Engineer: 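Let me give you the structure first, and then I'll get to my questions.
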Amino acid sequence: MTVQELQKAFVDAYGQKEDAVYFSPGRVNLIGEHTDYNGGYVFPCALSFGTYLLLCKNGTNDVNFRSINETEVIKVSIDKINEPLARGTWANYLMGVFAQFIKRGVKFTEGYDILIWGNVPLGAGLSSSAALEVVTAFALNDQMKTGYDRTELAKIGQKAEHEFAFVNCGIMDQFASANGKKDHALFLNCDTLEFELVPVKLDGVKVVISNTHSPHKLGDEYNDRVRECQLALQQLRTVRPELKNLAELTQAEFDEIKGAITDPIALKRARHVVGEVQRTVDAVKELKAGNLEKFGKLMNASHASLRDDYEVTGKFLDALVEEAWKIDGVIGSRMTGGGFGGCTVSLVKDEAIGNFKAQVGKTYKERTGREADFYIAEIGDGAKKV
Ligand code: GLA
């Protein structure tokens with residue numbers, strides 16, 4: 001939908017014109033998976049698609065939530081806005097953000113009419129939920145003149161996800177949605193939150209996102225991975241008491257002390273994290289040096305580690321990636337995001353894209369019975385007022 005169409009939909013829904021329109025993007029992560037909540041590096045980019053939020057003060061004590069993507073219309077009194085509704089209710093993502101503002105001392109004295117529309121494929125692992133949280137945080141920051149910077153808005157979004165969606169996610173998705181920049185990827189240190197914007201100039205190569213159409217649902221399995229990493233960290237601290245994060249360890253340091261991890265599952269998880277952090281640092285170096293082929297090899301190794309050690313890929317993601325690896329002109333391919341379904345990200349030479357879609361689409365269908373979808377990623381800007 002265009003912004004004009006959204007404005008018209010707002011008037012149709014609420015009988016008045018909106019005060020403002022905001023946008024925040026989804027993201028695709030190029031490399032650095034399941035490292036964020038371990039204090040490691042990630043390398044995501046914001047996408048040109050995302051979530052729009054239109055709002056208007058309504059002179060009542062209620063906040064009205066409507067979404068063009070959802071059928072349920074929700075009305076919540078402003079003094080109950082920080083109490084989550086039933087698990088899975090879509091407005092919880094926005095209410096979780098209101099709750100964070102309230103926790104920081106912000107007082108809402110008047111209700112809003114809110115309309116949402118997003119074009120991030122839902123459940124595809126491209127951070128539709130982070131886009132929704134960040135657009136809400138961005139809008140409330142503007143409305144309430146709270147002056148939080150983009151990093152704070154990302155933290156607000158992350159907390160909303162923890163407390164209202166019960167996923168103990170890292171900061172990557174909300175950070176990319178808040179801080180992304182057109183044609184750049186964010187090389188983010190998730191411990192210090194320092195970041196560098198790295199130009200993604202890919203001559204003759206595109207970033208292709210492939211959707212398994214096996215919806216990823218982050219929840220128990222994701223939270224299990226977070227816990228398994230914490231266990232590994234605790235056990236490593238018996239020999240390295242000052243260790244803050246798994247991601248601090250070099251490969252050599254890890255090899256020296258890994259015997260302290262007695263739980264075999266936790267050992268595999270930690271091995272992935274340590275390797276993935278190094279791959280991410282190396283990948284950024286290779287990209288800066290223009291060595292795309294080496295970058296691609298690191299993407300492939302990332303997928304293998306997520307499959308074998310982290311065990312978050314599953315048959316749909318593995319099928320898409322394995323079929324992509326077979327195609328001439330594919331520089332690298334891996335799952336992206338939390339895993340357990342969702343999307344893959346591949347670097348594909350321009351001249352190979354037609355064949356890539358046809359062949360991977362065909363063999364994926366033969367292997368899984370599902371249709372894949374392909375999008376050429378456009379790297380866009382972070383949250384903004386439209
Ligand atoms: C999800 C989480 C992120 C990150 C990725 C895996 O997208 O929201 O914080 O942990 O999974 O890299």
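Scope of the values below: all heavy atoms of this structure, side chains included, with no hydrogens, waters or symmetry mates. Every value quoted in this text rests on a predicted model; they were computed, and no experiment measured them.
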Engineer: Hydrophobic cluster mates of I68, side-chain heavy atoms under 4.5 angstrom, ILVMFWY only, any path?
Structural biologist: M1, V3, L6, F10, Y14, V21, F23, Y52, L54, L115, W117, V386
Engineer: Within a 6.0 Å radius of atom NZ on K326, are there more than 12 heavy atoms belonging to other residues, nucleotides or ligands?
Structural biologist: yes
Engineer: Is E196 salt-bridged to K288, cutoff N-O under 4.0 Å?
Structural biologist: yes
Engineer: Of all heavy-atom pairs between Q100 and A160, which one has the smallest distance, and what is that distance?
Structural biologist: CG-N, 4.2 Å
Engineer: Decide whether F108 and I156 are clustered together by the hydrophobic rule: side chain heavy atoms of Ile, Leu, Val, Met, Phe, Trp, Tyr closer than 4.5 Å, transitively.
Structural biologist: yes
Engineer: Using the ring of F316 (Phe, Tyr or Trp, six-membered ring only), decide whether R370 places NZ or CZ under 6.0 Å from its centre and within 45 degrees of its axis.
Structural biologist: yes
Engineer: Classify the ring geometry of Y310 against H34: parallel below 30°, tilted from 30° to 60°, perpendicular beyond 60°.
Structural biologist: tilted
Engineer: Is there a side-chain contact between F340 and S214 in this structure, where contact means two heavy atoms from C-beta onward sitting under 4.5 Å apart?
Structural biologist: no
Engineer: Any salt bridge between K268 and E228, counting N to O under 4.0 Å?
Structural biologist: no
Engineer: Could you walk me through whether I74 and N64 pass the side chain to side chain contact (heavy atoms under 4.5 Å, CB included) test, one step at a time?
Structural biologist: CA-CA 6 Å; I74 294 161; N64 294 308; over 6 Å; no
Engineer: Counting only heavy atoms not in E286, do more than 12 sit closer than 6.0 Å to its CD atom?
Structural biologist: yes
Engineer: Would you say V312 and M335 make side-chain contact, with heavy atoms under 4.5 Å?
Structural biologist: yes
Engineer: Is there a path of hydrophobic side-chain contacts, each under 4.5 Å between heavy atoms of I, L, V, M, F, W or Y residues, that connects F138 with I81?
Structural biologist: yes
Engineer: Any carboxylate oxygen within less than 4.0 angstrom of a Lys/Arg side-chain nitrogen, looking at E371 and K362?
Structural biologist: no
Engineer: In terms of hydrophobic clusters joined by side-chain contacts under 4.5 Å, are Y93 and I102 together?
Structural biologist: yes
Engineer: Is it true that Y37 and F254 fall in one hydrophobic cluster, defined by side-chain heavy atoms closer than 4.5 Å?
Structural biologist: yes
Engineer: For N58 and T60, what are the C-alpha separation, side-chain angles and deciding distance, and is it a side-chain hydrogen bond (donor to acceptor under 3.5 Å, both in side chains)?
Structural biologist: CA-CA 6 Å; N58 63 15; T60 75; 2.9 Å; yes
Engineer: Taking the side chain as everything from C-beta on, heavy atoms only, tell me whether K155 gets closer than 4.5 Å to I171.
Structural biologist: yes
Engineer: Salt-bridged, R240 to E242, with N to O below 4.0 Å?
Structural biologist: yes
Engineer: Test S305 against R271 for side-chain hydrogen bond (donor to acceptor under 3.5 Å, both in side chains), laying out the working first.
Structural biologist: CA-CA 9 Å; S305 172; R271 188 162 63 200; over 6 Å; no
Engineer: Are E161 and E133 close enough that some pair of their side-chain heavy atoms sits under 4.5 Å apart?
Structural biologist: yes
Engineer: Side chains of L94 and L53: closer than 4.5 Å at any heavy-atom pair?
Structural biologist: yes
Engineer: Excluding sequence neighbours, so at least two apart, what forms ring-ring contact (aromatic ring centres under 6.0 Å, His included) with F65?
Structural biologist: none
Engineer: Does any part of the side chain of L30, heavy atoms only, come nearer than 4.5 Å to the side chain of C45, both counted from C-beta?
Structural biologist: yes
Engineer: Within a radius of less than 6.0 Å around CG of D12, do more than 12 heavy atoms belonging to other residues, nucleotides or ligands occur?
Structural biologist: yes
Engineer: Would you please test T262 and Q235 for side-chain hydrogen bond (donor to acceptor under 3.5 Å, both in side chains) and show each step?
Structural biologist: CA-CA 8 Å; T262 55; Q235 297 195 329; 3.1 Å; yes
Engineer: Check this for me: does any side-chain nitrogen of one of D142 and K385 sit under 4.0 Å from a carboxylate oxygen of the other?
Structural biologist: yes
Engineer: Answer with yes or no after comparing the ring centroid distance for F43 and F195 against a 6.0 Å cut-off, counting only values under it.
Structural biologist: no
Engineer: In plain terms, say whether D309 and R269 are close enough for a salt bridge, that is, a side-chain N and a carboxylate O under 4.0 Å apart.
Structural biologist: no
Engineer: Considering the options N119, I209, V207, which one meets the side-chain contact (heavy atoms from CB on, under 4.5 Å) requirement together with L47?
Structural biologist: I209
Engineer: In Å, rounded to the nearest 0.5 Å, how long is the span from CG of L186 to CG of N189?
Structural biologist: 12.5 Å
Engineer: Between D224 and R227, does at least one N-O distance fall below 4.0 Å, as a salt bridge requires?
Structural biologist: yes
Engineer: Picking from R367, R334, K315, what satisfies salt bridge (Lys or Arg N to Asp or Glu O under 4.0 Å) with E322?
Structural biologist: R367
Engineer: What is the distance from atom NZ of K244 to atom CZ of R237, rounded to the nearest 0.5 Å?
Structural biologist: 10.0 Å
Engineer: Please check if V226 and L249 belong to a single hydrophobic cluster, counting links between Ile, Leu, Val, Met, Phe, Trp and Tyr side chain heavy atoms closer than 4.5 Å.
Structural biologist: yes
Engineer: Would you check if the distance from the ring center of F101 to the ring center of Y148 is below 6.0 Å?
Structural biologist: yes
Engineer: Does the side chain of Y41 come within less than 4.5 Å of T35's, by heavy atoms?
Structural biologist: no
Engineer: Taking the side chain as every heavy atom from C-beta outward, state whether T51 and S128 have any pair of such atoms under 4.5 Å apart.
Structural biologist: no
Engineer: Just to verify, which of E33, E276, H272, R307 counts as forming a side chain to side chain donor-acceptor pair (under 3.5 Å) with S302?
Structural biologist: E276
Engineer: Applying side-chain hydrogen bond (donor to acceptor under 3.5 Å, both in side chains) as the test, list every pair that has at least one member in residues 176-187; sequence neighbours left out.
Structural biologist: S24-S177
